[in-house]
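Taking it in order: structure first as structure tokens, then the write-up.
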Amino acid sequence: MTWLRLPLLAVLTAVACAQAPSSKELESVYPDAHALYLDLHQNPELSAHETQTAAKLAARWRSAGYDVTEHVGGTGVVAILKNGPGPTIMLRTELDALPVEEKTGLPYASKVHAKDDAGHDVPVMHACGHDLHMASVLGTAEIMVRSKDTWHGTLMLIGQPAEETIGGAEGMIRDGLFTRFGKPDAAVALHVGNVFPAGMVAITPGIYNTNADSVHITIYGKGGHGASPQTTIDPIVIAARTILALQTIVSREVKPGEMAVVTVGYIQAGTKNNIIPDQAEMGLTIRTRKVDVRQQILAAIARISKAEAAAANAPREPLVERYEGADLVYNNPALAERLRAPLEAALGKDKVVTAEPVTPSEDFSYFVEQGVPGFYFSLGGADPEKLAQAKAAGTSLPSNHSPLFAPDVDPALRAGIVAEVAVLRNLLNASPEELRKLAAEQQVH
Ligand SMILES: [Zn+2]
Ligand SMILES: [Zn+2]
């Protein structure tokens with residue numbers, strides 16, 4: 001074979017090129033994907049209420065030829081396409097939108113309002129780009145079903161509810177995602193943002209983001225007249241001391257160089273200037289990258305809160321509650337490096353960059369924690385010209401969750417489909433043993 005005389009890199013590139021979808025393949029699915037994007041963008045639904053969204057996605061996947069199951073972990077959708085022996089690869093999209101009023105001025109801007117879980121009327125917008133993720137997965141799904149001769153194994157698509165409220169991934173796992181449908185050999189997801197120009201992707205091998213913990217503290221005092229403080233125990237003063245003492249966790253207790261954030265995001269107490277209230281409340285967010293640092297900080301918050309209350313002779317210990325949290329997303333390094341070549345071949349070498357870890361949280365980590373090697377990568381969504389102008393002016397474009405978040409849909413959606421197909425074809429040409437080796441490495445982490 002003349003092949004064997006080629007340098008290894010050329011062979012690898014040739015193999016990777018074969019995994020990129022052709023422009024003909026892309027154009028054959030793009031109108032469908034774009035139409036779904038416009039529909040979803042104009043009809044967003046809040047977390048755990050994505051009934052129409054899930055039904056639309058399920059119908060499209062079903063008519064494409066997938067075996068579809070709805071209502072997995074609430075509104076979750078699972079679509080399976082079997083194509084002979086081989087690995088099982090999962091591709092995930094989120095379904096949910098946010099309580100944000102869209103102010104992009106786009107002709108297809110959302111005008112939707114809905115009732116939130118507290119019964120309040122709120123505006124709803126796909127301000128995190130999950131509509132683009134769903135459209136991309138639809139295009140990818142259609143290409144994969146039409147090109148079964150290019151891969152083997154089982155493709156598992158999932159539409160996950162309630163990512164924004166952190167709970168949807170866990171809900172699907174609890175409802176038997178990996179026992180009813182099989183545990184995948186690798187899990188893949190992307191996220192669009194405005195940091196990189198549309199047409200690009202960014203890879204972060206290893207740690208992708210941070211552990212996030214939300215803590216609520218209630219400090220108890222003894223209320224009374226503001227003019228007679230000697231008859232009271234002032235919870236506002238205890239709260240003020242506590243907030244300052246909490247600052248010493250990162251500066252004095254955590255080892256220098258460890259990533260750690262302790263932010264008191266709100267404090268609420270009192271109603272009137274001459275009344276000392278009987279309690280004060282505050283809310284914290286904690287971000288870390290290591291399990292031991294995370295435990296150290298949570299323990300220090302409880303210890304300091306209790307000690308400050310005791311120092312003030314508070315009638316009761318404060319209540320310190322960790323009410324939600326998400327673990328960091330870990331990108332299997334070997335998997336990330338394996339997938340760089342097919343992404344470069346599909347999008348162009350200069351369109352694939354390595355990015356630093358970020359701080360926002362994400363519940364894709366629940367899938368990875370089941371022992372599934374994960375690959376979570378960033379999809380550029382910024383209009384290249386606007387991004388260059390913003391950079392020149394020293395500013396940035398409206399980020400995810402902003403009322404002005406508006407990805408450059410055409411190039412971003414095309415790149416999303418191309419990237420997903422290239423990644424899936426690469427993994428669905430691997431042997432399950434190769435991928436199992438990655439999983440074994442994951443245990444070490
Ligand atoms: Zn978001
Ligand atoms: Zn998001």
Side-chain angles (χ1 to χ4, degrees), residues 20-45 50-70 72 75-83 89-97 108 110 126 128-148 150-151 154-161 163 168 172 181 187-192 198 201 346-347 364 376-377 379 381 407-425 427-428:
S22 67
S23 56
K24 198 175 154 204
E25 282 183 298
L26 178 62
E27 293 317 317
S28 72
V29 301
Y30 187 75
D32 233 15
H34 189 247
L36 180 68
Y37 175 80
L38 292 178
D39 179 5
L40 294 173
H41 192 84
Q42 293 171 84
N43 296 288
E45 293 177 296
E50 313 92 336
T51 47
Q52 296 305 314
T53 306
K56 284 172 193 169
L57 205 55
R60 304 282 186 118
W61 282 343
R62 198 170 277 129
S63 72
Y66 286 72
D67 184 5
V68 176
T69 308
E70 295 179 70
V72 180
T75 54
V77 187
V78 179
I80 303 284
L81 183 62
K82 290 196 165 140
N83 187 21
I89 306 297
M90 182 180 108
L91 175 65
R92 173 265 215 166
T93 173
E94 317 88 326
L95 303 172
D96 54 343
Y108 52 88
S110 166
H126 266 297
C128 203
H130 299 174
D131 46 356
L132 199 139
H133 303 170
M134 286 184 266
S136 181
V137 172
L138 175 66
T140 299
E142 290 181 350
I143 290 180
M144 293 304 283
V145 82
R146 291 175 198 173
S147 61
K148 285 169 93 174
T150 64
W151 60 278
T154 301
L155 177 55
M156 177 189 206
L157 307 175
I158 69 160
Q160 183 211 302
E163 185 280 324
M172 289 189 83
F181 304 96
V188 177
L190 57 70
H191 207 299
V192 68
V201 296
L347 297 166
F364 186 72
Y376 185 94
F377 64 107
L379 177 71
D408 192 359
V409 176
D410 226 49
L413 181 51
R414 283 172 199 275
I417 297 169
V418 168
E420 284 175 346
V421 171
V423 163
L424 290 179
R425 280 189 184 150
L427 296 173
L428 288 162

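Numbers for residues simply follow the sequence, beginning at 1.
Residues satisfying the ring-ring contact (aromatic ring centres under 6.0 Å, His included) criterion with His41, sequence neighbours excluded, are Tyr37, Tyr108. Here Gln160 pairs with Arg92, Asp363 under the side-chain hydrogen bond (donor to acceptor under 3.5 Å, both in side chains) rule; sequence neighbours left out. In this view, Ala187 and Met90, Phe364, Val372 satisfy the side chain to side chain contact (heavy atoms under 4.5 Å, CB included) rule, not counting sequence neighbours. Residues that satisfy the side-chain hydrogen bond (donor to acceptor under 3.5 Å, both in side chains) test with Gln52, not counting sequence neighbours, are absent from this structure. Residues forming a salt bridge (charged side-chain N to carboxylate O under 4.0 Å, His left out) with Glu163 (at least two apart in sequence, or on another chain): none. Residues passing the salt bridge (charged side-chain N to carboxylate O under 4.0 Å, His left out) test with Glu70 are Arg62, sequence neighbours excluded. Legend: residues meeting ring-ring contact (aromatic ring centres under 6.0 Å, His included) with Phe181, ordered by chain and number and at least two apart, are absent. Under the side chain to side chain contact (heavy atoms under 4.5 Å, CB included) criterion, Asn83 pairs with Lys148, Trp151, not counting sequence neighbours. In this structure, the side-chain hydrogen bond (donor to acceptor under 3.5 Å, both in side chains) partners of Tyr376, at least two apart in sequence or on a different chain, are Glu362. Partners of Asp39 under the salt bridge (charged side-chain N to carboxylate O under 4.0 Å, His left out) rule, at least two apart in sequence or in another chain, are Lys56.
Smallest separation of non-hydrogen atoms from Gly65 and Leu81: O-CD1, 3.9 Å. Pairing each heavy atom of Ala412 with each of Gly381, the nearest pair is CB-CA, 4.1 Å. Summarising the geometry of Ala54 relative to Leu95, their closest heavy-atom pair is CB-CD1, 4.1 Å, with the distance given to 0.1 Å. The shortest non-hydrogen separation linking Trp61 to Val68 is CB-CG2, 3.8 Å. Of all heavy-atom pairs spanning Val77 and Ala58, the tightest one is CG1-CB, 3.9 Å. Shortest non-hydrogen contact noted between Ala422 and Pro21 is N-CD, 4.3 Å.
In this structure, the side chains of His126 and Leu132 stay at 4.5 Å or more apart for every pair of heavy atoms. At least one side-chain heavy atom of Asp32 sits under 4.5 Å from a side-chain heavy atom of Arg60. Two residues are said to be in side-chain contact when any heavy atoms from C-beta on lie closer than 4.5 Å; His191 and Glu94 meet this criterion. Side-chain contact between Thr53 and Asn43: absent, with no pair of heavy atoms (C-beta onward) separated by less than 4.5 Å. At a threshold of 4.5 Å between non-hydrogen side-chain atoms, the residues Leu36 and Leu57 count as touching. Using a 4.5 Å heavy-atom threshold, the side chains of Leu91 and Leu424 count as touching.
Interatomic distance, Leu40 CG to Glu45 CD, rounded to the nearest 0.5 Å: 9.0 Å. Going from atom CG of Leu157 over to atom OG1 of Thr93 covers 10.0 Å, rounded to the nearest 0.5 Å.
Using modelled atom types, one side-chain atom of His130 and one backbone atom of Asp96 make a donor-acceptor pair closer than 3.5 Å.
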Atom pairs and distances, donor-acceptor, side-chain atoms in residues 136-147, under 3.5 Å, two or more places apart:
unit_1: Ser136; atom_1: OG; unit_2: Gly416; atom_2: O; d: 3.4
unit_1: Ser136; atom_1: OG; unit_2: Ile417; atom_2: N; d: 3.3
unit_1: Ser136; atom_1: OG; unit_2: Glu420; atom_2: OE1; d: 3.0
unit_1: Thr140; atom_1: OG1; unit_2: Ser136; atom_2: O; d: 2.9
unit_1: Thr140; atom_1: OG1; unit_2: Glu420; atom_2: OE1; d: 2.7
unit_1: Arg146; atom_1: NH1; unit_2: Ser28; atom_2: OG; d: 3.1
unit_1: Ser147; atom_1: OG; unit_2: Ile143; atom_2: O; d: 2.7
unit_1: Ser147; atom_1: OG; unit_2: Arg425; atom_2: NH2; d: 2.9

